[in-house]
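Here is the structure we will look at.
In what follows, residues are counted from 1 in the order of the sequence shown.
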Amino acid sequence: MIALYQPLSSTTLCFFQAILVGAGLGLLYDSTQAASTFFHPKRIWVMVTDALFWLVVLLAYFVFTVTLAGGQVRGFVLLGMLLGFLAEYELIGWMVRAVLIFLFRIAAVLLRGCVRLVRTILRPFGTVWVWLQKNLKKIWKKTSISGKKTL
């Protein structure tokens, strides 16, 4: 059974934990915004990532309320999550988005380089394969042991 009144230290701890959860959700929001603007800057993808983000927020609030807030809906939990989110978004959100977009650009350049390297390495094998496909009947006739003239 949950006590009706909790000590101030436990509610303060719960409030600070809510601030941390809000900051983590702010980092998630910044990463989804950076990914959606880098990969698909169309409006529909931004709406999809926003909808998925808010589903994660609702799930995080539910889990936080059930596990750490004793199953009771508290206003200070919402306030703490909102303050953590806003603090992260306003203080370091621009930097997180800029760093993530920079990392996405580096990853794209590296991936493009790896694809070019693999294509360069596999090009001779592709040439041999095309030659084999063109001349397969000639090769098959010359090397076949089960030809037309059998016993």
Side-chain angles (χ1 to χ4, degrees), residues 1-140:
M1 186 164 150
I2 299 172
L4 189 56
Y5 296 102
Q6 295 178 350
L8 186 61
S9 62
S10 67
T11 56
T12 305
L13 179 65
C14 187
F15 178 71
F16 286 131
Q17 289 171 340
I19 289 175
L20 289 176
V21 169
L25 290 172
L27 287 172
L28 177 67
Y29 182 74
D30 288 334
S31 63
T32 59
Q33 290 304 305
S36 67
T37 56
F38 181 76
F39 293 113
H40 296 287
K42 296 178 183 174
R43 185 171 171 87
I44 187 73
W45 291 108
V46 174
M47 291 179 355
V48 167
T49 56
D50 282 347
L52 290 174
F53 168 74
W54 284 108
L55 285 174
V56 170
V57 167
L58 288 173
L59 181 67
Y61 178 70
F62 175 74
V63 169
F64 188 85
T65 302
V66 169
T67 57
L68 297 175
Q72 298 176 350
V73 177
R74 303 279 183 157
F76 66 86
V77 170
L78 280 173
L79 181 66
M81 289 175 81
L82 180 65
L83 287 176
F85 177 81
L86 289 176
E88 187 280 331
Y89 187 76
E90 292 297 325
L91 294 176
I92 63 169
W94 61 273
M95 185 173 47
V96 169
R97 287 187 298 273
V99 167
L100 284 174
I101 288 175
F102 177 72
L103 290 176
F104 288 148
R105 285 183 183 155
I106 289 175
V109 168
L110 289 175
L111 184 65
R112 231 178 275 127
C114 288
V115 166
R116 285 182 183 167
L117 180 66
V118 168
R119 282 183 182 169
T120 304
I121 291 171
L122 294 180
R123 186 170 291 136
F125 295 110
T127 306
V128 169
W129 180 251
V130 168
W131 182 82
L132 279 174
Q133 284 179 337
K134 285 182 180 178
N135 298 315
L136 193 59
K137 285 186 178 181
K138 294 177 189 175
I139 295 170
W140 180 257

Side chain to side chain, [X] and [Y], heavy atoms closer than 4.5 Å:
| X | Y | answer |
| --- | --- | --- |
| Val77 | Cys14 | yes |
| Leu78 | Tyr61 | yes |
| Thr32 | Leu52 | no |

I need the minimum non-hydrogen distance between [X] and [Y], along with the two atoms involved.
| X | Y | result |
| --- | --- | --- |
| Thr67 | Val63 | OG1-O, 2.6 Å |
| Trp45 | Ser36 | O-CB, 4.4 Å |
| Ala18 | Phe64 | N-CZ, 3.5 Å |

Mind telling me whether Phe85 and Trp54 have parallel, tilted or perpendicular rings, with 30° and 60° as the class edges?
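Trp54 and Phe85: tilted rings.
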Can you list everything that forms a side-chain hydrogen bond (donor to acceptor under 3.5 Å, both in side chains) with Gln33? Sequence neighbours excluded, please.
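side-chain hydrogen bond (donor to acceptor under 3.5 Å, both in side chains) list for Gln33, sorted by chain: Asp50.
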Straight-line distance of [X] [atom1] to [Y] [atom2], nearest 0.5 Å:
| X | Y | atom1 | atom2 | result |
| --- | --- | --- | --- | --- |
| Met47 | Thr49 | CE | OG1 | 10.0 Å |
| Leu110 | Ile106 | CG | CD1 | 7.5 Å |
| Ser31 | Phe104 | OG | CZ | 7.5 Å |
| Tyr89 | Leu25 | OH | CG | 14.5 Å |

Hey, which of Thr11, Ile19, Leu13 is the one that makes side-chain contact (heavy atoms from CB on, under 4.5 Å) with Phe15?
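Of all the options given, the one that passes is Ile19.
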Report the C-alpha separation of Trp131 and Thr127 in whole Å, then their side-chain angles, then the decisive distance to 0.1 Å, and conclude whether the side chain to side chain contact (heavy atoms under 4.5 Å, CB included) test is met.
CA-CA 6 Å; Trp131 182 82; Thr127 306; 5.8 Å; no
Could you give all pairs that pass the salt bridge (Lys or Arg N to Asp or Glu O under 4.0 Å) test and reach residues 13-37, with sequence neighbours left out?
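Of all non-adjacent pairs touching residues 13-37, those that pass salt bridge (Lys or Arg N to Asp or Glu O under 4.0 Å) are Asp30-Arg97.
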